[in-house]
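Before any comments, here is the structure.
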Protein chains: 2
Amino acid sequence: MMSNSRVFDRDAVPDVVVQRLPIYLRTLAFIADERDVISSRELGALAGVSAAQLRKDLSLFGEFGRQGLGYQVKDLIAELERILQVDRVWPVILVGAGPLGRAIVNYRNSFETWQFEIVAAFDNDLAKVGQTLGHLSVQPMEDLVSIVQDGGIEMGILAIPPGAAQPVADTMVDCGVRAILNYASTRLVVPESVRVAYIDPIVSLNGMTYYL
Amino acid sequence: MMSNSRVFDRDAVPDVVVQRLPIYLRTLAFIADERDVISSRELGALAGVSAAQLRKDLSLFGEFGRQGLGYQVKDLIAELERILQVDRVWPVILVGAGPLGRAIVNYRNSFETWQFEIVAAFDNDLAKVGQTLGHLSVQPMEDLVSIVQDGGIEMGILAIPPGAAQPVADTMVDCGVRAILNYASTRLVVPESVRVAYIDPIVSLNGMTYYL
DNA sequence: TAGATTGTTAATCGATTAACAATC
DNA sequence: TAGATTGTTAATCGATTAACAATC
């Protein structure tokens with residue numbers, strides 16, 4: 001039987017499930033060279049969830065496996081890419097051309113493999129404007145609005161000091177950005193329609209020292 | 001009345017609560033210069049949780065507020081630091097001296113402000129060994145075991161390519177590391193007693209494209 | 001066929017919220 | 001005192017797990 005994807009209501013899917021799908025996708029990609037087929041038990045173990053949870057999560061979107069056999073790795077990857085909408089390329093802007101911004105742009109191959117393309121980098125430090133950041137030339141903040149609007153860009157990455165994050169986020173939201181990956185240590189206040197993901201190594205480390 | 005901290009069973013606290021405490025701490029630190037006192041409603045709004053949830057979370061550890069008034073910001077910071085065990089300095093090793101490792105070490109001031117001190121950096125690329133990485137000199141992987149053991153180091157950061165992450169993690173766990181912050185895109189298989197936190201920008205971005 | 005594994009249901013488990021007495 | 005806000009309880013809500021019929 002073919003994989004049978006179901007019409008589903010995007011808003012009806014719990015966020016906790018949506019946040020697990022990228023982990024499944026990452027795990028599948030990592031083993032795609034070695035395995036054609038994988039069971040929910042095996043994939044769950046690699047991804048850190050129970051077999052039941054993996055099957056339940058997937059069942060919200062359709063029927064992608066075969067009884068007695070498991071899941072075709074390549075097919076499941078394609079289904080997850082479609083569900084997560086990474087079957088197209090997303091242009092992304094980067095704000096902040098410090099060492100972190102440099103590391104992010106350097107991660108370029110990885111981003112592009114995963115359908116994200118950093119199309120412009122900005123910094124408010126005029127000394128950095130014009131400098132090379134990987135394949136990009138750092139642009140002044142004033143150019144941000146027109147580039148985002150003209151390019152219809154919906155995603156942005158913030159790699160700037162905490163004090164500057166909120167006003168820059170406001171500007172981005174005003175000109176159409178709807179998803180922000182925030183490396184700054186501040187929580188952002190944004191409209192409900194805008195998604196924010198936080199990357200903060202101190203928060204991650206603090207969450208582990210509790211258990212030591 | 002003074003803040004009244006309760007004896008609590010570390011293992012009885014849900015992990016989801018533990019992972020929110022660092023966010024409260026970050027938020028409090030951000031406003032500590034401006035505010036002496038804050039209510040659960042205000043702090044919750046800044047941290048992205050409901051007032052009820054904030055109070056419930058804190059109530060697992062003691063009574064830190066005053067009816068009618070709210071929480072003393074400085075006192076609550078001190079309590080959270082104690083609960084999270086960041087009232088001492090944690091030595092941390094870093095594996096991977098590429099651009100990402102460089103950005104992490106450059107983040108040094110931030111780490112040290114938050115009680116984490118990167119004490120050694122390693123790389124398996126002999127061309128990088130001996131090079132300067134911020135205040136550190138890159139060391140060969142062979143030195144890792146003795147440095148971790150002699151220093152009694154319990155925390156490590158992985159900033160290496162995915163293929164190399166698992167064996168390096170195994171080595172670290174073998175010589176006593178009990179908390180790993182993993183920037184590589186692979187899920188690590190470790191004993192139950194070892195904590196792993198993942199930082200993966202692609203996973204974070206994928207979790208947002210779903211909603212666009 | 002026999003063995004294996006899915007998709008799904010129902011039961012369990014756990015987390016969040018609403019409400020309010022206590023009290024600053 | 002009157003107003004405000006905590007800490008906590010009980011109710012609600014939601015997520016996870018166990019189990020199994022379906023079926024490859």
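This one's a predicted model, so the numbers in the text were calculated from it and none came from an experiment. Quick note on labels: first sequence line is chain A, next is B, and so on, each numbered from 1.
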Check your understanding: According to the ring pair (Phe, Tyr, Trp, His ring centres under 6.0 Å) rule, which pairs have a member within residues 4-51 of chain B, sequence neighbours left out?
Key -> B:Phe8-B:Phe61

**Study point:** Which atom of B:Met141 lies closest to which atom of B:Val95, heavy atoms considered
**Key:**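 The pair with the smallest heavy-atom distance is SD-CG1, 3.8 Å.
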
Review point. Starting at the 5' end of DNA chain C, what dot-bracket string do you get if Watson-Crick and G-U pairs under 3.5 Å are bracketed, crossing pairs use [ ], other-strand pairs use | and unpaired bases use dots?
Key: ..||||||||||||||||||||||

Practice item. Return the residues of residues 7-24 of chain B meeting this criterion: a heavy atom under 4.0 Å from some atom of DNA chain D. Order them by number, or give none. Key: none

Check your understanding: Is the distance from OP1 or OP2 of C:dG7 to the nearest side-chain N or O of A:Tyr71 less than 4.0 Å?
Key ->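 Yes, A:Tyr71 has a side-chain N/O under 4.0 Å of OP1/OP2 on C:dG7.
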
Atom-to-atom span, [atom1] of [X] to [atom2] of [N] - whole angstrom:
X	N	atom1	atom2	result
B:Leu76	D:dG7	CG	C1'	14 Å
B:Leu69	C:dT23	CG	P	16 Å
A:Glu63	C:dT5	CD	C1'	14 Å

Point to revise | Those residues that, when tested against B:Thr186, pass side chain to side chain donor-acceptor pair (under 3.5 Å) (two or more places apart) | key: none

Practice item. Name all residues meeting the ring-ring contact (aromatic ring centres under 6.0 Å, His included) criterion together with B:Tyr210; count only those two or more places apart in sequence or in a different chain, and write none if there are none. Key: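 If we apply the ring-ring contact (aromatic ring centres under 6.0 Å, His included) test to B:Tyr210, skipping adjacent residues, there are no hits.
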
Side-chain donor/acceptor pairs under 3.5 Å, residues 146-159 of chain A, sequence neighbours excluded:
residue, atom, partner, partner atom, Å
A:Ser146, OG, A:Asp143, O, 3.1
A:Glu154, OE1, A:Arg178, NE, 3.0
A:Glu154, OE1, A:Arg178, NH2, 2.7

**Study point:** Which residue lies more 5' along DNA chain D, comparing A:Gln67 with B:Gly68 via nearest heavy atoms
**Key:** B:Gly68

Enumerate donor-acceptor pairs with a distance under 3.5 Å from any side-chain N or O in residues 42-51 of chain A to protein atoms, sequence neighbours excluded.
residue, atom, partner, partner atom, Å
A:Glu42, OE1, A:Arg35, NH2, 3.0
A:Glu42, OE1, A:Ser39, N, 3.4
A:Glu42, OE1, A:Ser39, OG, 3.4
A:Glu42, OE2, A:Arg35, NH1, 3.2
A:Glu42, OE2, A:Arg35, NH2, 3.3
A:Ser50, OG, A:Gln53, N, 3.0

What salt bridge (Lys or Arg N to Asp or Glu O under 4.0 Å) pairs are there with at least one residue in [range], not counting sequence neighbours?
range	value
residues 80-99 of chain A	A:Glu79-A:Arg82
residues 190-199 of chain B	B:Asp15-B:Arg195
residues 16-28 of chain A	A:Arg20-A:Asp57, A:Arg26-B:Asp200

Point to revise | Donor-acceptor contact below 3.5 Å, side chain A:Trp114 vs main chain B:Leu205 | key: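 Here the side-chain-to-backbone pair does not exist.
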
Point to revise | Near-strand residues of residues 38-62 of chain A, defined as heavy-atom separation under 4.0 angstrom from DNA chain C | key: A:Ser39, A:Ser40, A:Arg55, A:Lys56, A:Ser59

**Study point:** Residue list, salt bridge (charged side-chain N to carboxylate O under 4.0 Å, His left out) with A:Glu117, at least two apart or on another chain
**Key:**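 Checked A:Glu117 against salt bridge (charged side-chain N to carboxylate O under 4.0 Å, His left out); zero matches.
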
